[in-house]
There are 2 protein chains.
Amino acid sequence: MDNVLTRKLEHFAPLPAADRQLLDEIVLPVRDVPARTDLIREGQSSDNVRLIIQGLAYRYKNLANGRRQVVAYLLPGDFCDLHVHILKAMDHSIATVSACKVVDISRHRIAEMIGRPALARALWWATLVDEGTMREWLLNVGQRPALERIAHLFCEFYVKLRAAGMVTGTSFALPLIQEDIADTTGLSMVHVNRCLQQLREAGLLKVRHRLVEINDTDGLMHFCGFNPNYLHLDNLEPVA
Amino acid sequence: MDNVLTRKLEHFAPLPAADRQLLDEIVLPVRDVPARTDLIREGQSSDNVRLIIQGLAYRYKNLANGRRQVVAYLLPGDFCDLHVHILKAMDHSIATVSACKVVDISRHRIAEMIGRPALARALWWATLVDEGTMREWLLNVGQRPALERIAHLFCEFYVKLRAAGMVTGTSFALPLIQEDIADTTGLSMVHVNRCLQQLREAGLLKVRHRLVEINDTDGLMHFCGFNPNYLHLDNLEPVA
DNA sequence: TTCGACCATCAACCTATGTTAGTCCCCGAC
DNA sequence: GTCGGGGACTAACATAGGTTGATGGTCGAA
């Protein structure tokens, strides 16, 4: 199976063949977006819904003084703005990290999806997972010390990318720079750098050249109290 | 109109009379829950969906070391766990702040609501508003300094309670203690205390005896860069 | 009316993290 | 092959906010 949307939605429950076929039609044609490019900006509205097919993107909000908070990452199979036709304007922006492949899906197609019970439930599940993730991030940023906060972020990437089949062995590609990690965790870039070195010295994880290698999965998860329940990936094979 | 659910959902769009009638049936019978009581705990699941009719409650998550993060407040008209039958277990807990009146709604009733297009859209809108709020909180906790962070929280309460008709003039009841504010903003109780005094000295806002008085609405909102767009209350009368 | 609990407040001190201002390394463009 | 730029990394210093522990209101219950 190479339809990333199907793959993602079937983490909730298997889909009828007819639904899978609809998803196969929806997933084309693909458009290329360069790295570090805004897909949609706060205040904008739009008729289409965008879906990430390949690459990494993120949602973010800015403060007037220029400070930035990343509020979510978007992986292949994630929708950018499923809600544009309910809400009048975006309350945040979305940008690519790496070069991405994106499809634009018409409003009518979305309605078609939502008309199918199995798909509607799967999309609802995806929404709930996103909410659960934001709650966990709030806990992370609000209560965990810097080292654990960063470790937790890497645990989450590990589990989500693994579910998407994007982890080979014990390492995965992650096109983030340290400043992205800083803006995700509410820390300064300098402190992120210090922490990454400490995590490396502790033998928990290595980050070099946009490649993350997790030496000690259990150790890392235990260190930051990572509990994947909030991702609701009940169909997930246990961690190796 | 005294149906808090109708009132809330009609912030999105007016509802057909038949839908309003369904909501009137749903909103009974009411059950009393004392203050500072868990409504549902992380890991639990449940067949019913709870709806807050009166009082204040909050969603929260705990760390193993006992630290607590409040991730959302629930006002009259808010559902506690609309998703229990999609997800297998709660990924967070919910507790009351003040004594609350709550209704338990059966799964079948929820399905009935979702079957009505106008209600389904209104519920979807409510979900999206909750998501938008969490993104704003992430920005708040991750990027704003303590004073602005607390000011922002009070701005949000002001606007939401005002939309719910729970603000009289320039002040409103808010049963939170300083420790709640601390656990909401990711600050220590002591620092919250310091900040509240500074906000008072600055003539922006006074908090005493669970009563908040906002002296200078515009000043307060400007001070913390509050922009209510994320609440998507397009039908809201402008701030007095 | 008194008592006890709970909550607000205060002071002294501490430290995790931020800031500034660099250097260095690597890679891709020409 | 060299140049330029982005990103990683360092060091020295600054501070916002945390911690601890004590004091003092206020209010409801008996």
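All of these numbers come straight from a predicted model, not from anything done at the bench. Letters A, B, ... mirror the listed sequences (proteins, then strands); counts begin at 1.
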Tell me whether Arg36(B) at atom CZ has more than 12 heavy atoms from other residues, nucleotides or ligands lying less than 6.0 Å away.
yes
Using whole Å, what does the distance between atom [atom2] of nucleotide [N] and atom [atom1] of [X] come to?
{"X": "Ile177(A)", "N": "dG5(D)", "atom1": "CD1", "atom2": "C1'", "value": "13 Å"}
{"X": "Leu176(A)", "N": "dG6(D)", "atom1": "CG", "atom2": "P", "value": "18 Å"}
{"X": "Met189(B)", "N": "dT19(D)", "atom1": "CE", "atom2": "P", "value": "12 Å"}
{"X": "Arg36(A)", "N": "dG5(D)", "atom1": "CZ", "atom2": "P", "value": "19 Å"}

Inter-axis angle, terminal five-pair segments of the helix from dT1(C)-dA30(D) to dC30(C)-dG1(D) [nearest 10°]
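Helix axis angle between the two ends: 50°.
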Is any side-chain heavy atom of [Y] closer than 4.5 Å to one of [X]?
{"X": "Leu56(A)", "Y": "Leu176(A)", "answer": "yes"}
{"X": "Leu139(A)", "Y": "Arg144(A)", "answer": "yes"}
{"X": "Ser46(B)", "Y": "Ile40(B)", "answer": "yes"}
{"X": "Ile181(B)", "Y": "Leu153(B)", "answer": "yes"}

Go nucleotide by nucleotide along DNA chain C from the 5' end; which of Glu179(B) and Pro145(A) gets its closest nucleotide reached first?
Glu179(B)
Mind checking salt bridge (charged side-chain N to carboxylate O under 4.0 Å, His left out) for Asp216(B) and listing every partner two or more places apart, or none if nothing turns up?
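Salt bridge (charged side-chain N to carboxylate O under 4.0 Å, His left out) check on Asp216(B) returns nothing, list empty.
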Is the centre of the Tyr158(B) ring less than 6.0 Å from the centre of the Phe226(B) ring?
no
Filter on salt bridge (charged side-chain N to carboxylate O under 4.0 Å, His left out), then keep only pairs touching residues 221-233 of chain A, sequence neighbours left out; what's left?
none
Mind checking ring-ring contact (aromatic ring centres under 6.0 Å, His included) for Tyr60(A) and listing every partner two or more places apart, or none if nothing turns up?
Tyr58(A)
Is any side-chain N of the basic residue among Glu42(B) and Arg59(B) closer than 4.0 Å to the acidic one's carboxylate O?
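No, this pair does not count.
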For a 4.0 angstrom threshold against heavy atoms of chain B, report the outermost contacting nucleotides of DNA chain C in 5' to 3' order.
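The contact span of chain B on DNA chain C goes from dC7(C) to dA12(C).
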Identify the residue among Thr184(B), Asp180(B), Asp78(B) that makes a side chain to side chain donor-acceptor pair (under 3.5 Å) with Tyr73(B).
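So, applying the side chain to side chain donor-acceptor pair (under 3.5 Å) to Tyr73(B) and each of Thr184(B), Asp180(B), Asp78(B), only Thr184(B) qualifies.
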Give the residues of residues 192-213 of chain B touching DNA chain C, defined as any heavy atom closer than 4.0 Å, sorted by residue number.
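The answer is Asn193(B), Arg194(B), Gln197(B), Arg200(B), Arg210(B).
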